[in-house]
There are 2 protein chains.
Amino acid sequence: MDTNNDITPNSSTEDKIKEAARRVFIRKGYAATRTRDIADESGFNLSLINYYFRSKEKLFDIIIKEHFQSFIQSVMVIVNNRDTSIQQKIQLIINNYIDMLTKNPDLPLFVLKEINSDPDKFMAMIGFDKVNGGGTYLAQQWAEMAAHRKAPPVKPIHFLMNTASLIIFPFIAGPVIRNKTGIDKEQYNNLMEERRKLIPYWVSLMLNDSYEGLNN
Amino acid sequence: MDTNNDITPNSSTEDKIKEAARRVFIRKGYAATRTRDIADESGFNLSLINYYFRSKEKLFDIIIKEHFQSFIQSVMVIVNNRDTSIQQKIQLIINNYIDMLTKNPDLPLFVLKEINSDPDKFMAMIGFDKVNGGGTYLAQQWAEMAAHRKAPPVKPIHFLMNTASLIIFPFIAGPVIRNKTGIDKEQYNNLMEERRKLIPYWVSLMLNDSYEGLNN
DNA sequence: ACTGATTTTAATCATTTGATTGAATAAGTT
DNA sequence: AACTTATTCAATCAAATGATTAAAATCAGT
């Protein structure tokens, strides 16, 4: 009665509006989204969105929060698993991301754009401010590995950047690349599938190289 | 008298408005930019922007066109240079991009967002629709190289994606990474400087590997 | 069937926002 | 000086847009 969930017996309409709003927000971004767009997309009257959610901004907050909670959690489970190796974790994270991004190709651009307009606010909204990467089991494994072998003359942050870049950027740039190459959506998804195996391989190349060729 | 340029004797105000508009548009995106923001940023009256440029959209078009013309041209010069090797071209392009992106860190996100909202229109606007990558001298060099050695079992498009990813994505994700790591802007620029040498090295690793380890 | 609560809608409001207008000022021409 | 043209601004308009309201429709319980 006061836990405030499941109060609504039949939340079908509310959920439909949320789903419609999620689609429109992620496709067009917060600024370019009109509440009327959401009404149209959901098929309901404009004032319904203000009846269920107080305002455009509140609706936005709620949707985004719900959308990311589960994903962040799934990644945290992977990085804190004590039974998988670093290599396995990398592969699992890549799979997790590629699955998610194939379903939601507009998401990275949306996220990065909204973060860009107010980093602290958005990170707090999606609960990413509380995530402490350094406290994960993966970070511990990484530190142990680094202690045992001669570290490459390259700061670790570069490898994190590279992995994220190789996974995420092709989704962001999808429209450009498809437009220039004429590759259709399905073929492009196949390319992304190929990268499931390729990215871990490339990352290990970069990670295990001696960097002796890197001079002058 | 009919070539329509240099008609304006003193274009100082017009240029100031253009500069202000460029800053605001690229920082906030087209949808979130108010003409009043541009007026404020420029220090001039709101109606001045409609006096010089007919509308918000026309102003946008003009600015974007001018902004990209020079950059695209500089890249085309590099890829069509008959006196440099592939490796040298890669290095030059990377330098070109990192220079430009260090000065305009908001640019990639802006471009990708606008392209996303209407690929054909934006590509045409910046003149990128006329660019034919396959017709460049670099493409010819690439084809020759591919003919002479056993091609890796990986489609060439992946290497293009990877290079672009490694260059551009760290700029896009800068705010997120800085927010999580506490790295300040100057330190982050230093990281980007390090990548001038690192990215070509990583790309050659990926390019020259035998891919024998890539199985199952 | 009746009652009260919940859900949905059409109509409307208030603010924001892109654009226009007409006057004021400056600068050059005759 | 008188006239013309280019530049700038305050005031205002019209459309778009987020939000509210009051009434109608629907539903649940009796």
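- Residues from residues 22-47 of chain A with heavy atoms under 4.0 angstrom of DNA chain D, sorted by number: A:T33, A:R34, A:T35, A:R36, A:L46, A:S47.
- When rounded to the nearest whole Å, the span between CZ of B:F53 and P of D:dT8 equals 11 Å.
- Applying the salt bridge (Lys or Arg N to Asp or Glu O under 4.0 Å) test to every pair with at least one member in residues 63-89 of chain B, sequence neighbours left out, gives these pairs: B:K18-B:E66.
- You'll find the ring centres of A:Y97 and A:F71 inside the 6.0 Å limit.
- Rounded to the nearest 0.5 Å, atoms OH (A:Y51) and CD (A:E14) are 9.5 Å apart.
- For A:F68 and A:F128, the distance between ring centers is not under 6.0 angstrom.
- For A:Y51 and C:dT7, the shortest distance from a side-chain N or O to OP1 or OP2 is below 4.0 Å.
- The distance from atom CD1 of A:I49 to atom P of D:dA19 is 7 Å, rounded to the nearest whole Å.
- Going from atom CG of A:N50 over to atom P of C:dT7 covers 16 Å, rounded to whole Å.
- For B:K16 and D:dT8, the NZ to C1' distance is 13 Å, given to the nearest whole Å.
- Remark: B:R196 engages B:E193 in a salt bridge, criterion side-chain N to carboxylate O under 4.0 Å.
- For B:F60 and C:dG18, the CZ to C1' distance is 16 Å, given to the nearest whole Å.
- Going from atom CG of A:L48 over to atom P of D:dG18 covers 16 Å, rounded to whole Å.
- A salt bridge links A:K28 to A:D37: at least one charged side-chain nitrogen sits closer than 4.0 Å to a carboxylate oxygen.
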